[in-house]
Peer 1: 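This is the structure, below, for whatever I ask next.
Along the sequence shown, residues carry numbers from 1.
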Amino acid sequence: MSAVPDGKKLVRSPSGLRMLPENGAFNSPFSLDEPQWVPDKECPRCMQCDTKFDFITRKHHCRRCGRCFCDKCCSQKVALPRMCFVDPVRQCAECSLISQKEVEFYDKQLKVLTAGGTFLVRVDSSEKSETMVCRLSNNHRYLFLDGESHFEVELSRISTMQVLTEGSTPGEKDICSYTSLLDSQISEGGSIRASGMVLQYKPPGSQNLQELHMDTADDKRIASAWLAAMHKAAKLLYESRDQ
């Protein structure tokens, strides 16, 4: 194990080199833990095609799911940023497809989120709004909102989120949990354009929900792209609860 700048460290695991935060408490909410490998003695056959392992047909473990496969069923090496691997790692066909989609999120949407967008922001039922730049922190744990004032929203404390589209009206019955996002299709340049967002979250030290309203301002194209990226981030966080 060797220390590197910016609070990160290189860790060698059975699956490969990983770049992890020095303090595990600062892991990105998008990160996943390495799976436990299925013990060799429990997988005499490929868990995909049922080929029996022997001296010629070797077994390989998928670095994402930990199951055993033959070389044919686990031959692809794909980047796995959610587990912080430095290099692409061996994955089964099913997992490699998932990882390839996530690589696009890391390469595109995360950059959009950390760059930020400009919004008209108001809290709870207040009629007063403030122009603020909202961006995702570099460790992906917080939303930073900066204008004349500054405050932060921790992603783990968000309970519900609704991405508004052009023509939609926010209301209590419309505020959705992450579950409903799985069926929604909002794209950066598609026919459905995001126009705002409503968040419900618990501020630090409070168990009471606070509501945050954000509407696109100034460059609406950039703000809409930011909302579309946030929509994909929320879907990723929800889906990872079962992984």
Peer 1: Any donor and acceptor pair, going by atom type alone, linking the side chain of Glu130 with main-chain N or O of Ser149 inside 3.5 Å?
Peer 2: yes
Peer 1: Would you name the heavy atoms of Gly117 and Ile222 that are closest together and state the gap between them?
Peer 2: CA-CG2, 4.5 Å
Peer 1: Could you walk me through whether Leu143 and Tyr201 pass the side chain to side chain contact (heavy atoms under 4.5 Å, CB included) check?
Peer 2: CA-CA 12 Å; Leu143 293 179; Tyr201 70 99; over 6 Å; no
Peer 1: What's the shortest heavy-atom distance between Val153 and Ile158, and which atoms?
Peer 2: CG1-CG1, 3.8 Å
Peer 1: Does any N or O in the side chain of Gln48 come within less than 3.5 Å of the main-chain N or O of Cys73, such that one atom is a donor and the other an acceptor?
Peer 2: no
Peer 1: Flag yes if Val123 and Met132 sit in one hydrophobic cluster, no otherwise; membership is Ile, Leu, Val, Met, Phe, Trp, Tyr, and two members link when side-chain heavy atoms are under 4.5 Å apart.
Peer 2: yes
Peer 1: Would you name the heavy atoms of Gly116 and Arg135 that are closest together and state the gap between them?
Peer 2: CA-CB, 3.7 Å
Peer 1: Filter on salt bridge (charged side-chain N to carboxylate O under 4.0 Å, His left out), then keep only pairs touching residues 33-47, sequence neighbours left out; what's left?
Peer 2: Arg18-Glu34
Peer 1: Test of understanding: with side-chain hydrogen bond (donor to acceptor under 3.5 Å, both in side chains), list the residues that count as partners of Asp219, not counting sequence neighbours.
Peer 2: none
Peer 1: For Phe105, check ring-ring contact (aromatic ring centres under 6.0 Å, His included) against everything at least two apart and list the hits.
Peer 2: Phe30
Peer 1: Is Tyr106 linked to Val112 within one hydrophobic cluster, defined over Ile, Leu, Val, Met, Phe, Trp and Tyr using a side-chain heavy-atom separation of less than 4.5 Å?
Peer 2: yes
Peer 1: How far does CG of Leu209 sit from CG of Leu199, to the nearest 0.5 angstrom?
Peer 2: 11.5 Å
Peer 1: Any pair with a residue in residues 65-74 that passes salt bridge (charged side-chain N to carboxylate O under 4.0 Å, His left out), sequence neighbours left out, goes on the list, sorted by first then second residue, please.
Peer 2: Arg67-Glu94, Asp71-Arg90
Peer 1: Determine whether Val133 and Met230 fall in the same hydrophobic cluster, where Ile, Leu, Val, Met, Phe, Trp and Tyr are linked whenever their side-chain heavy atoms lie under 4.5 Å apart.
Peer 2: no
Peer 1: Can you name the residues that form a ring-ring contact (aromatic ring centres under 6.0 Å, His included) with Phe119, not counting sequence neighbours?
Peer 2: Trp226
Peer 1: Tell me the closest heavy-atom pair linking Ala194 and Ser224, and the distance in Å.
Peer 2: O-OG, 3.0 Å
Peer 1: Would you call Lys232 and Glu104 a salt bridge, taking side-chain N to carboxylate O under 4.0 Å as the test?
Peer 2: no
Peer 1: State the CG-CG distance between Leu17 and Leu10, to the nearest 0.5 angstrom.
Peer 2: 6.0 Å
Peer 1: I'd like to know whether Glu211 forms a side chain to side chain donor-acceptor pair (under 3.5 Å) with Gln200, so could you lay out the CA-CA distance, the side-chain angles of the two residues, the decisive distance to 0.1 Å, and finally the verdict.
Peer 2: CA-CA 5 Å; Glu211 195 166 278; Gln200 285 188 332; 3.0 Å; yes
Peer 1: To the nearest 0.5 Å, what is the distance between CG on Leu80 and SG on Cys62?
Peer 2: 8.5 Å
Peer 1: Would you compute the distance between atom CD of Gln91 and atom NZ of Lys77 and round it to the nearest 0.5 angstrom?
Peer 2: 11.5 Å
Peer 1: I want to check something: taking the side chain as every heavy atom from C-beta on, are Leu155 and His140 in contact at a cut-off of under 4.5 Å?
Peer 2: no
Peer 1: Any side-chain heavy-atom pair from Gln109 and Leu236 closer than 4.5 angstrom?
Peer 2: no
Peer 1: Examine distances only and state if a side-chain atom of Thr114 and a backbone atom of Leu136 form a donor-acceptor pair shorter than 3.5 Å.
Peer 2: no
Peer 1: Holding to side-chain contact (heavy atoms from CB on, under 4.5 Å), I want the full list of residues that pass it with Glu154, two or more places apart in sequence or in another chain.
Peer 2: Arg141, Tyr142, Ser156, Arg157
Peer 1: Is there a donor-acceptor contact under 3.5 Å from the side chain of His60 to the main chain of Ser75?
Peer 2: no
Peer 1: When you compare the side chain of His61 with that of Cys68, does any pair of heavy atoms fall below 4.5 Å?
Peer 2: yes
Peer 1: What is the minimum heavy-atom distance between Val38 and Met47, and which atoms define it?
Peer 2: CG2-SD, 4.4 Å
Peer 1: Taking a hydrophobic cluster as the set of Ile, Leu, Val, Met, Phe, Trp and Tyr residues connected by side-chain heavy atoms closer than 4.5 Å, whether directly or through intermediates, do Val78 and Met83 fall within one such cluster?
Peer 2: no
Peer 1: Report yes or no: do Leu110 and Leu237 belong to one cluster of Ile/Leu/Val/Met/Phe/Trp/Tyr joined by side chain heavy-atom distances under 4.5 Å?
Peer 2: yes
Peer 1: For the CG atom of Leu113 and the CG atom of Asn138, what is their distance to the nearest 0.5 Å?
Peer 2: 12.0 Å
Peer 1: Does Ala93 offer a backbone N or O that forms a donor-acceptor pair with the side chain of Ser96 under 3.5 Å?
Peer 2: yes
Peer 1: Any non-hydrogen side-chain atom of Phe53 less than 4.5 Å from a side-chain atom of Pro44?
Peer 2: no
Peer 1: Taking atom CZ of Phe85 and atom CE of Met19, what is their separation to the nearest 0.5 Å?
Peer 2: 13.0 Å
Peer 1: Work out which heavy atom in Ser15 is nearest to a heavy atom in Trp37; give both atom names and the distance.
Peer 2: OG-CZ2, 3.4 Å
